[in-house]
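The structure appears below as structure tokens.
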Amino acid sequence: MALAVAVLLAATAQVGRAGDVEAGRQKSALCAACHGPDGNATAPGVPSIAGQPNFFTHWQLIKYRDGRRKDAQMSAPAQNLSDTDMADLAAFYEAQRPRPRGSKTEPARVAEGRRLAALHHCTSCHRPDLSGQQQVPRLAGQDLDYLLKLLRSFKAKTATDLDGLMTMSAQPLHDEDIVNLVHFLASLGAETP
Amino acid sequence: MRRTLVIALTVLLLGVVASWLIPVQAQQPAAPPPWKQGQPAELASSPLAPVPQPPSPKAPGEILVDKIKVPTGFKVELWAHGINNARVMTWGSKGTLFVSSRVAGNVYAVVDKGGTREVKTIAKGLNLPNGVAFRDGVLYVAEIHRITKMVGIEDKLDAPPAMEVVYDTLPKDVPHGWKYLAFGPDGKLYFNIGAPCNICIPPDTHANISRVNPDGTGFEYFAHGVRNSVGFDWHPVTKELYFATHARDWLGEDLPSDRLDVAAKKGLHFGFPFCHQGDTPDPEFGKGRSCGEFATPLLKTGPHVAGNGVEFYTGSMFPAAYKNRIFLAQRGSWNRSQKIGFRVMMVTLNPGGAPTYEPFAEGWLQGGDIWGRPVYTRQMKDGSLLISDDYAGAIFRVTYQP
């Protein structure tokens with residue numbers, strides 16, 4: 001009954017198809033230039049996207065396409081992505097194994113950052129091991145420079161997340177707290193225990 | 001900032017790990033994310049969390065329309081799909097169905113081409129644009145922080161006009177900041193400004209239903225103490241406002257009940273955050289207050305059911321007994337280990353007695369699993385009923401044949 005009535009339109013004919021890892025791999029060449037062939041970036045300031053939850057990557061691509069998240073490198077290529085492309089890319093990167101970035105961290109800052117991560121409830125959404133889930137990104141082992149820039153942007157209210165929670169959460173942070181937090185996050189192994 | 005501090009300290013007093021107290025006094029901690037506020041310490045490791053919104057709509061084969069059960073004589077069909085995060089539906093004057101979304105940031109136009117439906121995205125990148133209302137050729141859109149309008153939109157679906165600001169003196173808080181928007185019988189635009197938290201003493205500007213003239217003048221609060229109402233309608237005869245409210249979380253599996261209320265006049269207070277479901281003082285904020293101070297619910301609709309769409313049936317396709325019944329679409333629970341809701345209920349008002357409350361359409365919940373979430377309804381001209389599903393990104397149509 002459902003199919004008899006359902007209307008498949010050219011523009012939306014492929015909506016809802018679950019992302020295909022292999023198709024995503026084939027579509028990832030442009031992404032690989034900065035994020036690495038398997039989503040593990042090496043250049044400071046560029047985030048690794050290997051092992052990011054499927055929903056997170058997909059939602060970020062939607063936001064870049066629609067102008068809700070802006071970036072000199074990302075905004076333009078996102079314009080050309082179809083919904084299926086986004087689903088495939090998100091599936092591909094979720095299936096890749098994240099590696100630690102090896103950002104240089106200071107033990108005293110790591111210790112203080114660990115305390116702050118609990119105090120400021122980071123672990124409530126990002127999970128106790130900071131591995132992320134659903135629409136919430138993995139932070140463990142992420143590039144320090146990238147995390148620093150992004151968290152400062154949330155504090156400055158120039159970055160937006162899907163539901164506004166990060167903007168709220170960043171407001172009580174002093175810049176020193178932000179630095180300590182990102183040292184802690186960057187120090188973590190990227191593997192989920 | 002002071003408000004944040006008050007909330008944060010309250011949370012601490014509620015018994016979050018005592019060893020945090022000393023470092024915390026030296027610096028301001030963030031309040032927990034709103035969905036976690038008010039969670040008792042013994043539930044700190046609870047796996048319950050809001051259901052994530054999928055980034056893309058389901059394909060027709062994944063939309064289990066055959067699982068939806070309706071009363072005898074009624075039939076359900078999949079009317080449209082591929083509408084990411086489809087929420088509120090409102091009719092244009094020339095047969096276009098305008099559909100909002102929430103986190104997808106889009107507004108859609110669905111054009112019925114006689115057996116086929118075409119979906120066009122007419123606005124994107126918006127700030128949780130849940131509210132859409134149409135009058136005199138103008139589509140009004142409510143985002144978190146503003147209400148805008150698109151004049152003459154129905155003739156320009158492929159080249160939509162600019163969004164002109166109607167009213168933008170609104171809080172920017174995201175939690176419970178998305179709005180339902182509808183024209184009242186007085187010609188004013190009504191919308192909610194929800195509490196920016198699970199449970200807190202809200203700022204005076206929040207936890208209400210407000211109204212403003214369509215030209216942006218005459219803003220005023222209409223109802224107070226409303227935690228978050230994202231669905232309301234006016235009785236076709238009495239013209240009184242009926243609205244659904246989501247109750248607070250983390251007070252247990254069965255407490256407190258969500259509610260359906262009627263506001264016969266402006267200025268009533270419906271209890272939040274002091275009193276829940278008309279008879280249960282909040283364990284923290286209810287101290288020193290009495291439930292007798294506040295308006296009582298017309299109907300307790302059940303714990304955590306998340307009633308969204310409220311619509312009086314005024315059509316002629318359904319049996320005569322359906323006239324002026326309320327359809328209440330319940331998006332369903334997250335803060336309950338046994339899921340509840342995920343259905344469209346109907347409420348029959350009985351003069352002088354308690355309303356009758358019974359299921360109309362259910363089946364989005366199968367065992368412990370959900371495949372969709374019914375969120376709003378909208379009658380068609382022929383008296384059939386559309387049901388939007390923001391999880392599947394689809395719209396269903398319910399018809400009746402004796």
Side-chain angles (χ1 to χ4, degrees), chain A residues 1-9 11-19 53-63 65-69 83-84 86-87 90 115-116 118-122 124-125 128 133-136 157 160-174 177, chain B residues 1 4-5 8 17 20 23-24 27-36 49 52-66 75-84 103-106 113 115-120 124-128 144 172-175 177 196 392-393 397:
Chain A
M1 178 177 69
L3 291 175
V5 184
V7 181
L8 283 173
L9 298 157
T12 55
Q14 295 191 42
V15 294
R17 183 171 69 78
N54 185 319
F55 280 14
F56 169 74
T57 302
H58 195 151
W59 273 118
Q60 297 312 304
L61 291 171
I62 290 174
K63 286 171 60 186
R65 183 189 61 189
D66 295 350
R68 293 156 76 186
R69 186 176 179 184
D83 291 340
T84 305
M86 293 185 187
R115 189 185 71 82
L116 291 169
L119 177 66
H120 290 278
H121 309 280
C122 308
S124 289
C125 298
Q133 57 179 333
Q134 307 281 4
Q135 78 280 18
V136 181
K157 300 185 181 179
T160 58
D161 57 339
L162 208 56
D163 49 19
L165 294 188
M166 276 309 301
T167 304
M168 285 178 66
S169 302
Q171 294 317 303
L173 299 174
H174 301 291
D177 299 334
Chain B
M1 191 55 102
T4 309
L5 185 61
V17 188
W20 287 0
V24 163
Q27 98 193 92
Q28 298 170 355
W35 61 270
K36 218 172 164 69
Q53 172 63 37
S56 52
K58 286 182 183 290
E62 303 171 317
I63 300 172
L64 308 182
V65 61
D66 294 341
K75 210 176 79 174
V76 189
E77 62 188 85
L78 178 61
W79 188 74
H81 67 273
I83 310 173
N84 199 13
V103 288
N106 297 331
K113 300 201 154 174
T116 66
R117 253 72 61 190
E118 186 178 357
V119 181
K120 300 167 188 275
K124 62 178 186 175
L126 304 182
N127 189 12
L128 281 62
I144 293 223
K172 294 181 171 60
D173 305 271
V174 178
R397 177 171 177 243

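Just so you know, these numbers come straight off a predicted model, no measurement behind them. Per chain, numbering begins at 1; letters A, B, ... match sequence-line order.
Ranked by non-hydrogen atom pairs under 4.5 Å with chain A, the options B/A49, B/G177, B/P34, B/G393 are led by B/P34. For chain B, the option among A/G67, A/S124, A/G164 with the highest count of heavy-atom pairs below 4.5 Å is A/S124.
Taking a cutoff of 4.0 Å between a charged side-chain nitrogen and a carboxylate oxygen, B/K75 and B/E77 do not qualify as a salt bridge.
In this structure the side chain of A/H58 reaches within 4.5 angstrom of the side chain of B/S56, judged on heavy atoms. Looking at B/P33 and A/H121, their side chains come closer than 4.5 Å, going by heavy atoms from C-beta outward. Put simply, the side chain of A/P172 reaches to within 4.5 Å of the side chain of A/H120, judged on heavy atoms.
Here the closest non-hydrogen pair linking A/M168 and B/P175 is SD-CG, 3.5 Å.
At a 4.5 Å heavy-atom cutoff, B/N127 makes no contact with chain A through either its backbone or its side chain. Looking at A/L162, both its backbone and its side chain come within 4.5 Å of chain B, counting heavy atoms on both sides. For B/N84, the part lying near chain A is the side chain, with the backbone staying farther off; criterion is any non-hydrogen pair under 4.5 Å. With a 4.5 Å cut-off on non-hydrogen atoms, B/A104 touches chain A through its backbone and its side chain both. Residue contact with chain A, scored on non-hydrogen atoms closer than 4.5 Å, is absent for B/I144.
The main-chain N or O of B/W79 is found under 3.5 Å from a side-chain atom of B/R117 such that the two form a donor-acceptor pair.
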